[in-house]
Protein chains: 2
Amino acid sequence: MKKSSHQRADQTRSRILEAAIREFSEHGLAGARTVAIAQAARVNKALLYYYFRDKEALYAAALEEVAGKVAESTLAVLDMTCSPGERMLRFALQHFDRILAQQGFQSLMQQEMIRFREGRNNALRILAKKAFEPMFRRAQTIAEEGIRSGELCDVDWMQMIYAALGANVFYFLSAPMVRMMGNGDPLELAAVSARRRTALEFLGQSIFADRRHGAVLARRVLAAVPMPDSLSPEKKTA
Amino acid sequence: MKKSSHQRADQTRSRILEAAIREFSEHGLAGARTVAIAQAARVNKALLYYYFRDKEALYAAALEEVAGKVAESTLAVLDMTCSPGERMLRFALQHFDRILAQQGFQSLMQQEMIRFREGRNNALRILAKKAFEPMFRRAQTIAEEGIRSGELCDVDWMQMIYAALGANVFYFLSAPMVRMMGNGDPLELAAVSARRRTALEFLGQSIFADRRHGAVLARRVLAAVPMPDSLSPEKKTA
DNA sequence: CTTCATTAATTGACCGGTTAGTTAAAAGTG
DNA sequence: CACTTTTAACTAACCGGTCAATTAATGAAG
């Protein structure tokens, strides 16, 4: 903690965290096996308990790690210097790309949201404070700003966010189902790329007061932000 | 099976199934406890294994039960006799209402979609064949019909579905998070009612070629379909 | 209508395997 | 020395699943 001398420690710690994120995101809190995490981190099981109190603390730490990364990259986009409408589009696109690149993160968050219904005192609070609250607050002001300036449609700002992010979440959430229906694999590079474009163009059509302006902006943003090439970035170690 | 004599048996069976849906939807397959299911069904644990081979079979049966109900009610809406655009709006609205009324079902499905990433041979196939495939196929023809007739925007039909359903899913998925952020409870009657209206009006604005027409239609559908009064229908037995 | 055997539904007690978490000692490392 | 990591055994609890025994319904015979 104090000295930066023993970097080896921090390194293993983050290796454990990384493995934990993977394991938890694939199997859930209950389904995850501590031995599996230890093995994946190439570490003895006992070492998990050297760095973390128990399984749940490790889970919380994993969530916090995730939340931090998400908040950081998202806020960077939301604070860009361009019109509110364009920032909204970039926000949606970055959201899409993040889910694509880090499906484990997404899975973790969704599971935690579902888990919340249990009423348990859980780690959702961390995510809320550290990632979602500042993100939502910032997005709200942007949307309101855009509406006031007449660039965006005059609808509830929250609805814009739901529209922008909901389609993304739903696309990846339903992907396994859609694939099983035989209409091709929605996670294939070509399909993802097409969906990415379509989703953004649709958003341009739907949240802007002037549809033509929205379309132009969407095309510009798409040209400016290339899709992350790392498809299926979570290594398959099966 | 043959005779309708032993109704008591079927009754307990469905009581078990009901309890299983609840338990699985709240805790996932791994997190669910068979004793908890038995207790909730007011039944001895061994009886679960009298009716179902094992935990996983019970899980599959629960999924199938859910899938059946969903498919039935959804297809009824999709086969109504009105314009494609109106059917699309009614489809989205019914989707919203279903999630609202049966959040356990929704939770179960989402978990199963997440679980699918594990690669396990799981029960998602049941959901795909029994509920989603006919639903999507029907929705596709409706969307394409609407586009051809010029009533709907000329965008990818899949995108319309993502837009229509994604916002709903995301709203309820993010509800615990939003509540935690202190901006009021999104699951409160007033908030849900407002969201329901806003979401449908937004859809009217975004998927119709003529926004005015979409707005009129959305208002008409909203007036025709009252919100189910049963808010928080899953009893709290804590 | 009773009797009684047969079958279905239900139970309480129990078993064996799994898993989170512990311990203590030793060895590696800066 | 102080910190990190391994090893390997150990426990205590938990949990899915089984089984023999019990109770409730059914139906046929007297």
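Only heavy atoms go into these numbers, but all of them, side chains included; no hydrogens, no water, no symmetry mates. All chains are named by letter (A, B, ...) in the order of the sequence lines, taking the proteins before the strands, and each is independently numbered beginning at 1.
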Next item on the list: Using the side chain to side chain contact (heavy atoms under 4.5 Å, CB included) rule, take A:Leu48 and A:Asp54 through it: C-alpha gap first, then chi angles, then the decisive distance, then the call.
Entry: CA-CA 8 Å; A:Leu48 302 187; A:Asp54 54 16; over 6 Å; no
Check: Is the distance from OP1 or OP2 of C:dT18 to the nearest side-chain N or O of A:Arg33 less than 4.0 Å?
Finding: no
Check: Could you give the CZ-to-C1' distance, from A:Phe52 to C:dT22, as a whole number of Å?
Finding: 18 Å
Next item on the list: Look at A:Arg87 together with A:Asp79 and state whether they make a salt bridge at an N to O cut-off of under 4.0 Å.
Entry: no
Margin query: Looking at B:Ala30, is its backbone amide N or carbonyl O close enough to the side chain of B:Arg33 to form a donor-acceptor pair, meaning the two atoms are under 3.5 Å apart?
Written below: yes
Next item on the list: Compare side-chain N and O positions of B:Thr12 against OP1 and OP2 of C:dT10 and report whether any pair is under 4.0 Å apart.
Entry: yes
Item checked: Under 3.5 Å side-chain donor-acceptor pair for A:Gln111 and A:Ser25 -> no
Next item on the list: With a 4.0 Å heavy-atom cut-off, tell me which residues in residues 41-49 of chain B come close to DNA chain C, sorted by residue number.
Entry: B:Val43, B:Asn44, B:Ala46, B:Leu47
Next item on the list: Could you pull out the closest heavy-atom pair between B:Val225 and B:Arg196, with the gap in Å?
Entry: O-NH2, 2.9 Å
Notebook entry, point to check: B:Ile16 CD1 to C:dA9 C1': how many Å, rounded?
Noted result: 10 Å
Next item on the list: Mind grabbing the angle between the end helix axes of the helix from C:dC1-D:dG30 to C:dG30-D:dC1? Five pairs an end, 10° rounding.
Entry: 20°
Note to self: Output the rounded distance in Å from CZ (B:Arg15) to P (C:dA9).
What the structure shows: 13 Å
Checklist line | Spacing of A:Tyr50 atom OH relative to D:dA2 atom C1', expressed in whole Å | finding: 9 Å
Notebook entry, point to check: How long is the line joining OH of A:Tyr51 and P of C:dG21, in whole Å?
Noted result: 18 Å
Next item on the list: Give a yes/no answer on whether the side chain of B:Thr34 brings an N or O atom under 4.0 Å of OP1 or OP2 in D:dG16.
Entry: yes
Check: Using 4.0 Å as the upper bound for N to carboxylate O, is an ion pair formed by A:Arg22 and A:Glu18?
Finding: no
Item checked: B:Thr141 to B:Arg138 - nearest heavy-atom pair and separation -> OG1-O, 2.8 Å
Next item on the list: Describe the nucleic acid contact of B:Ala38 in one word from base, sugar-phosphate, nothing, applying a heavy-atom distance below 4.0 Å.
Entry: nothing
Notebook entry, point to check: Whole Å only: how far is the CD atom of A:Glu56 from the C1' atom of C:dG21?
Noted result: 14 Å
Next item on the list: Can you tell me the distance, in whole Å, between the CD atom of B:Gln39 and the P atom of C:dG12?
Entry: 12 Å
Next item on the list: Give the minimum heavy-atom separation between A:Ser14 and A:Gln11, together with the two atoms involved.
Entry: OG-O, 2.9 Å
Note to self: Could you tell me how far apart B:Lys55 (NZ) and D:dT18 (C1') are, to the nearest whole angstrom?
What the structure shows: 17 Å
Next item on the list: Look at A:Lys130 together with A:Glu64 and state whether they make a salt bridge at an N to O cut-off of under 4.0 Å.
Entry: yes
